[in-house]
Trainee: 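Before I ask anything, here is the structure I am working with.
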Amino acid sequence: MASLPMAQIPAEPVWGIVVGLVIIALMVLILPFKVKLVEHNLEVFFLIMGILSVTVSGLWSGQLVIDALKTPVMIGTLPIGIFQVVLIIGLIIFFFHKQFHSAITALANKLNIRAFIFILVAVLGLFSSVISVILTSVLLAEIAACLPLDRKEQIKLVVVACFAIGLGAVLTPLGEPLSTILVQKLAGPPFNAGFTFLLTNFGKYVFPGVVVTAIFGAIWIGGKTAVCETITQYSETPKSIIVRAVKVYAFIAALVLLGEGLKPFIVWFFIGVPASALYWINMVSAILDNATLTAIEIVPSMALSQIVSIIMGLSIAGGMLIPGNIPNIVVAGKLKIGMREWAVVGVPIGLVLLAIYFAVLIPVIFK
């Protein structure tokens with residue numbers, strides 16, 4: 001995503017800017033849980049907060065506006081992005097929803113719910129690094145929508161799956177902006193990162209995490225819910241699909257602005273923090289674009305152990321709230337999941353995963 005030159009940011013904290021950005025960050029964290037109008041219009045709210053943050057930071061530029069406008073519709077230099085994928089897949093499902101829903105329901109019944117959930121979460125998690133989080137999350141949203149689960153169980157399923165997708169996407173530069181930026185930043189000495197760099201250095205942490213998450217989902221959800229043979233009524237229209245794609249576009253553009261607007265605060269207070277502390281501080285990626293944090297925090301002079309701990313923390317924390325990751329935004333938009341509904345499930349799971357990975361990474365972090 002967008003990344004403005006550090007030269008535009010003063011070397012020392014400007015306390016007027018700091019106070020303004022803290023207020024904006026608190027509004028982003030509190031208002032979606034306290035004000036229903038905000039919770040039901042997250043895209044507009046985050047867009048306003050993004051505009052305010054860039055204004056307070058004084059970082060407006062023509063390039064930033066261009067980046068905010070093009071990021072939702074482009075992957076690198078390719079003229080396709082999350083907006084087009086959400087729109088096109090949504091329209092394909094609209095025209096073939098009977099066949100799609102019948103196939104998913106039949107497969108779920110044939111496998112039994114626990115096996116189906118395990119396979120769904122594991123496959124989407126591991127393949128997100130190959131087909132990207134964009135396509136993976138759209139498929140997850142459509143599959144979850146046609147499963148005859150009650151709303152609470154449906155939310156549990158997609159939140160667990162989004163954690164797995166966020167983890168799995170780290171394995172190749174194709175997965176998500178975070179992994180792309182990471183490889184770009186480490187392409188030179190001493191790491192000379194190439195296509196397999198992420199798989200080599202993160203695979204031993206990611207594969208077990210995705211599998212364990214899939215097992216947890218199968219036990220937690222599958223043990224309480226049975227899939228019946230009836231097909232969930234499809235209620236989408238071409239208009240609703242277009243509106244959803246536009247909302248996703250606005251949300252991604254808003255995160256570009258918010259990430260850039262809050263960049264001075266991150267540069268002033270995050271850089272130089274020990275990896276062990278940064279691992280936990282990076283829970284802010286629950287409301288910020290983790291690609292922006294990667295672009296700011298990761299430098300080639302870091303030890304590999306520091307890089308691994310930072311990236312794992314970012315990847316996990318991104319699943320805790322809707323703005324934290326692209327899959328969350330896509331799925332929440334499709335299933336109309338509110339911030340509070342997501343947080344009730346996502347925050348506890350995220351904290352447990354962070355604690356488990358911190359324990360696993362202790363020898364690495366303090367190496």
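Reckoned from all heavy atoms, side chains included, excluding hydrogens, waters and symmetry mates.
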Trainee: Under 4.5 Å between any side-chain heavy atoms of Phe251 and Pro72, yes or no?
Mentor: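 Of all side-chain heavy-atom pairs linking Pro72 with Phe251, none is under 4.5 Å.
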Trainee: State plainly whether one hydrophobic cluster holds both Leu257 and Ile66, where clusters connect Ile, Leu, Val, Met, Phe, Trp and Tyr through side-chain heavy atoms under 4.5 angstrom apart.
Mentor: no
Trainee: Tell me whether Phe94 at atom CZ has more than 12 heavy atoms from other residues, nucleotides or ligands lying less than 6.0 Å away.
Mentor: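 Yes, CZ of Phe94 has more than 12 neighbouring heavy atoms, counting only those of other groups under 6.0 Å.
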Trainee: Rounded to the nearest 0.5 Å, what's the gap from OG1 on Thr213 to CH2 on Trp220? Could you check?
Mentor: 11.5 Å
Trainee: Looking at every non-hydrogen atom in both residues, tell me the closest pair between Ala214 and Val121 and how far apart they are.
Mentor: CA-CG1, 3.7 Å
Trainee: Just by distance, do the side chain of Asn325 and the backbone of Asn328 share a donor-acceptor pair under 3.5 Å?
Mentor: no
Trainee: Assess the residue pair Ile82 and Ile329 against the criterion (side chain to side chain contact (heavy atoms under 4.5 Å, CB included)); give the C-alpha distance rounded to whole Å, side-chain angles, the decisive distance to 0.1 Å, and a yes or no.
Mentor: CA-CA 11 Å; Ile82 188 170; Ile329 296 170; 5.8 Å; no
Trainee: Met312 versus Leu167: any side-chain heavy-atom pair under 4.5 Å?
Mentor: yes
Trainee: Would you say that Val284 contacts Phe270 through its side chain, given a criterion of any heavy-atom pair below 4.5 Å between the two side chains?
Mentor: yes
Trainee: Which heavy-atom pair separates Gly166 from Ser315 by the least distance, and what is that distance?
Mentor: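 What the structure gives for the nearest pair is O-CB, 4.0 Å.
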Trainee: Could you label the plane-to-plane angle of the Trp280 and Phe358 rings as parallel, tilted or perpendicular, counting under 30° as parallel and over 60° as perpendicular?
Mentor: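 Trp280 vs Phe358 ring planes: tilted.
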Trainee: Report yes if some heavy atom in the side chain of Ile311 is under 4.5 Å from a heavy atom in the side chain of Tyr205; otherwise report no.
Mentor: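 Side chain of Ile311 against side chain of Tyr205, heavy atoms only: no contact under 4.5 Å found.
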Trainee: Can you find a heavy atom in the side chain of Leu37 that is under 4.5 Å from one in the side chain of Phe45?
Mentor: no
Trainee: For the backbone of Met339 and the side chain of Glu39, can you confirm whether one donor and one acceptor N or O come within less than 3.5 Å of each other?
Mentor: yes
Trainee: Among the clusters formed by ILVMFWY side chains lying less than 4.5 Å apart, do Val344 and Val347 turn up in the same one?
Mentor: no
Trainee: Could you state the interatomic distance from CG (Asn282) to CD (Glu297), rounded to the nearest 0.5 Å?
Mentor: 4.0 Å
Trainee: What's the separation between atom CG in Leu124 and atom CG in Leu135, rounded to the nearest 0.5 Å?
Mentor: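 Rounded to the nearest 0.5 Å, the CG-CG separation comes out at 9.5 Å.
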Trainee: For the residue pair Gly168 and Val206, what are the closest heavy atoms and their distance?
Mentor: CA-CG1, 3.8 Å
Trainee: Is there a donor-acceptor pair under 3.5 Å between the side chain of Gln84 and the backbone N or O of Gly81?
Mentor: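 Judged by distance alone, yes, a pair lies under 3.5 Å.
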Trainee: Measure across Ser179 and Val170 and return the closest heavy-atom pair with its distance rounded to 0.1 Å.
Mentor: CB-O, 4.0 Å
Trainee: Once you round to the nearest 0.5 Å, how far does NE2 of His97 lie from CZ of Phe95?
Mentor: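 It is 11.0 Å, given to the nearest 0.5 Å.
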Trainee: Which heavy-atom pair separates Asn201 from Phe197 by the least distance, and what is that distance?
Mentor: ND2-O, 2.8 Å
Trainee: Quick one, Ile356 with Val212, criterion side chain to side chain contact (heavy atoms under 4.5 Å, CB included). Give me CA distance, side-chain angles, the key distance, then yes/no.
Mentor: CA-CA 11 Å; Ile356 292 173; Val212 169; over 6 Å; no
Trainee: Carefully, step by step, assess Glu12 and Trp268 under the rule side chain to side chain contact (heavy atoms under 4.5 Å, CB included).
Mentor: CA-CA 7 Å; Glu12 298 296 328; Trp268 290 331; 5.9 Å; no
Trainee: Applying salt bridge (Lys or Arg N to Asp or Glu O under 4.0 Å), can you list everything that pairs with Glu43, at least two apart in sequence or on another chain?
Mentor: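 Expected list: none.
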Trainee: Does the side chain of Phe118 come within less than 4.5 Å of Leu111's, by heavy atoms?
Mentor: no
Trainee: Examine distances only and state if a side-chain atom of Thr105 and a backbone atom of Ser102 form a donor-acceptor pair shorter than 3.5 Å.
Mentor: no
Trainee: Return yes when atom CZ of Phe33 has more than 12 non-hydrogen atoms of other residues, nucleotides or ligands closer than 6.0 Å, and no otherwise.
Mentor: yes
Trainee: Calculate, to the nearest 0.5 Å, the distance between atoms CG and CD1 belonging to Leu47 and Ile51 respectively.
Mentor: 4.5 Å
Trainee: Whether the side chain of Tyr249 engages the backbone of Leu69 through a donor-acceptor N/O pair (distance < 3.5 Å, no angle test) should be reported.
Mentor: yes
Trainee: For Asn112 and Arg114, indicate whether the former's side chain and the latter's backbone hold a donor-acceptor pair under 3.5 Å.
Mentor: yes
Trainee: With a 3.5 Å distance limit and no angle check, can you tell me whether Thr237 reaches the backbone of Ser240 through a side-chain donor-acceptor pair?
Mentor: yes
Trainee: Between Thr180 and Pro173 (side chain of the first, backbone of the second, donor and acceptor by atom type, cut-off under 3.5 Å), is there such a pair?
Mentor: yes
Trainee: Between Ile296 and Thr292, is a side chain to side chain contact (heavy atoms under 4.5 Å, CB included) present by the stated rule, with each step listed?
Mentor: CA-CA 6 Å; Ile296 296 171; Thr292 297; 3.9 Å; yes
Trainee: Would a single hydrophobic cluster contain both Val14 and Ile9, if residues Ile, Leu, Val, Met, Phe, Trp and Tyr are joined by side-chain heavy-atom contacts under 4.5 Å?
Mentor: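 Yes; Val14 is reachable from Ile9 via cluster members.
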Trainee: Are Val183 and Phe195 packed together at the side-chain level, in the sense that at least one heavy-atom pair is separated by less than 4.5 angstrom?
Mentor: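 No - every pair of side-chain heavy atoms lies 4.5 Å or more apart.
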Trainee: I'd like to know if Met27 and Val35 are part of one continuous hydrophobic network [Ile/Leu/Val/Met/Phe/Trp/Tyr, side-chain heavy atoms within less than 4.5 Å].
Mentor: yes
Trainee: Can any side-chain N or O of Tyr279 pair as donor or acceptor with the backbone N or O of Leu354 at less than 3.5 Å?
Mentor: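 Confirmed, Tyr279 side chain pairs with Leu354 backbone.
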Trainee: Could you see if Val243 belongs to whatever hydrophobic cluster contains Leu87? Use Ile, Leu, Val, Met, Phe, Trp, Tyr and a side-chain cutoff under 4.5 Å.
Mentor: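 Not linked; separate clusters.
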Trainee: Can you tell me if Lys247 has over 12 outside heavy atoms packed within less than 6.0 Å of its NZ?
Mentor: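 Counting neighbours around NZ of Lys247, 12 or fewer heavy atoms of other residues, nucleotides or ligands fall under 6.0 Å, so no.
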Trainee: For the residue pair Phe265 and Phe269, does the interplanar ring angle fall in the parallel (under 30°), tilted (30 to 60°) or perpendicular (over 60°) class?
Mentor: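 The rings of Phe265 and Phe269 sit tilted, inter-plane angle from 30° to 60°.
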Trainee: So how far is it from Leu139 CG to Phe127 CZ, rounded to the nearest 0.5 Å?
Mentor: 12.0 Å
Trainee: Partners of Thr200 by side-chain hydrogen bond (donor to acceptor under 3.5 Å, both in side chains), sequence neighbours excluded?
Mentor: none
Trainee: Can you name the closest pair of heavy atoms from Leu288 and Leu262 and give their distance?
Mentor: CD2-CD1, 3.4 Å
Trainee: Does Ser129 reach the main-chain N or O of Thr172 with its side chain, forming a donor-acceptor pair under 3.5 Å?
Mentor: no
Trainee: For residues Val138 and Lys334, determine if any side-chain heavy atom of one lies less than 4.5 Å from a side-chain heavy atom of the other.
Mentor: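 They are not in contact (no side-chain heavy atoms under 4.5 Å apart), so the answer is no.
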